[in-house]
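To keep things clear, I will list the structure first and then write my remarks on it.
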Amino acid sequence: MTAVMRLPPLPTLREVIRLYGLRAEKQLSQNFLMDLKLTNKFVRQAGKLTGSHVCEVGPGPGAITRSILQAGVKNLVVVEKDERFKDSLEMLAEASNGTMSAVLEDILRFRFEDHFPKEIYRDWQDECPDLHLIGNLPFNVSTPLIMQWLEAVSNHTGPFSFGRTRMLLTFQKEVAERLAAPPGHEQRSRPSVMAQYLCSVKHCYDIPGAACVPQPKVDIGVVHLTPLKQPQINLPFKLVEKVVRSVFHFRQKYCQRGVEILFPHGREDLLNEVFEVAAIDPTTKPYKLTMDDFKSICWAYYDICERIPGLIDYNYR
Ligand code: SAM
């Protein structure tokens, strides 16, 4: 097995962009990484990729794609929504000698099961499978996508039907900080709890916006996520999401204000029951609650919902 892949001489990224007329579309929030040293550093954060299977989301003109190929992967499937990139991605696929294939599709519709072999499956309690998700997507796509993938982590579906598939993704720097923020951190918020109850989250480093063409107004945070063998809260994703969303609905107030909206008006008895059962001070600020606190609140709410038919469907406003 080769440690690295040498690609045949290729046009530079600038030449590819000029040759194929690939100006970044502002309306699609496209901006491209052009420096292969930067994309090599980014790809290294995924760990050792030699002989691995990788799905790259939103390759654009292909800077990250080149770095992934050079890391000596066994199989790379790139998923790009914008058809303008078809020819330039096919050129890279040809240069890769069968290692890479390009699928022109929205990642939200992409069926992983159809593109990766069953043999890479690893039991959830086993080591992570040799499959990595890597991508520098527009921020307005990566933020909803990570919530969709966290739900898939919880249900072991999509890319996580192969096991604890690791993810290396970029976000707006502040979102990256939120995803990794521990209790008490000023950025602690809904994404922190949702990501950390299911994954170990590492905010690796930031890429200055100036490294992209055209330059976005904000810096880019690189985040690596590894699904946990045991979720910290072993309850359905939708229930956890509802509780966490409600608690952070009133971020600056005491956490009891957020828990209150899980129940119809006038059911202070149920609100009090949550705090009694969970043994949490109701005047704690949401950002100070630990994962164990969230676990206790979620379980207390779950038990009440089991007792009172229809309560789970109650939504504030
Ligand atoms: N990864 C390239 C880079 O770093 O230079 C391009 C980055 S650009 C910010 C994001 C890319 O994701 C664009 O090529 C865009 O067309 C693609 N994209 C956006 N939404 C997508 C989606 N839902 N599915 C697949 N690709 C998408």
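Indexing begins at 1, ligand by ligand and atom by atom, following the structure's order. Just so you know, these numbers use all the heavy atoms, side chains as well, and skip hydrogens, waters and symmetry mates. One is the number of the first residue; the rest follow in order along the sequence.
- A cation-pi contact, defined as under 6.0 Å to the ring centre and within 45° of the axis, links Arg257 to Phe250.
- Between the CD atom of Glu94 and the CG atom of Leu89 there is a distance of 12.0 Å, given to the nearest 0.5 Å.
- Within the 4.0 Å heavy-atom criterion, neither part of Thr39 lies near ligand 1.
- The protein heavy-atom contact nearest to atom 17 (C) of ligand 1 is Glu80 OE2, 3.4 Å.
- Ranking protein heavy atoms by distance to atom 5 (O) of ligand 1, first place goes to Leu33 N, 2.8 Å.
- Contacts between Pro59 and ligand 1, counted as non-hydrogen atom pairs separated by less than 4.0 Å, involve the backbone only.
- Under the 30°/60° scheme for interplanar angles, the aromatic rings of Phe112 and Phe116 are found to lie parallel.
- Considering backbone and side-chain atoms alike, Ile107 places an N or O below 3.5 Å from some N or O of ligand 1.
- Using a 4.5 Å heavy-atom cutoff, the side chains of Phe110 and Cys55 are in contact.
- Counting heavy atoms closer than 4.0 Å to ligand 1, residue Val141 contributes side-chain atoms (C-beta onward) but none from N, CA, C or O.
- Within a 6.0 Å sphere centred on CD of Glu174, other residues, nucleotides and ligands contribute more than 12 heavy atoms.
- Scanning all protein heavy atoms for the shortest distance to atom 12 (O) of ligand 1 gives Gly58 CA, 3.2 Å.
- If you check which protein heavy atom lies closest to atom 4 (O) of ligand 1, you get Asn136 ND2, 2.8 Å.
- From the protein, the heavy atom lying nearest to atom 8 (S) of ligand 1 is Asn31 O, 3.4 Å.
- Neither the backbone nor the side chain of Met34 has a heavy atom within less than 4.0 Å of ligand 1.
- Below 4.0 Å from some heavy atom of Glu105 lie the following atoms of ligand 1, by number and element: 24 (N), 25 (C).
- Atom numbering of ligand 1 starts at 1 in the shown order; those under 4.0 Å from a heavy atom of Val79 are 25 (C), 26 (N).
- Note: no N/O pair closer than 3.5 Å links Pro61 and ligand 1 by distance alone.
- Between Phe294 and Phe248, the ring planes are parallel. Angles under 30° get that label, and only those over 60° would be called perpendicular.
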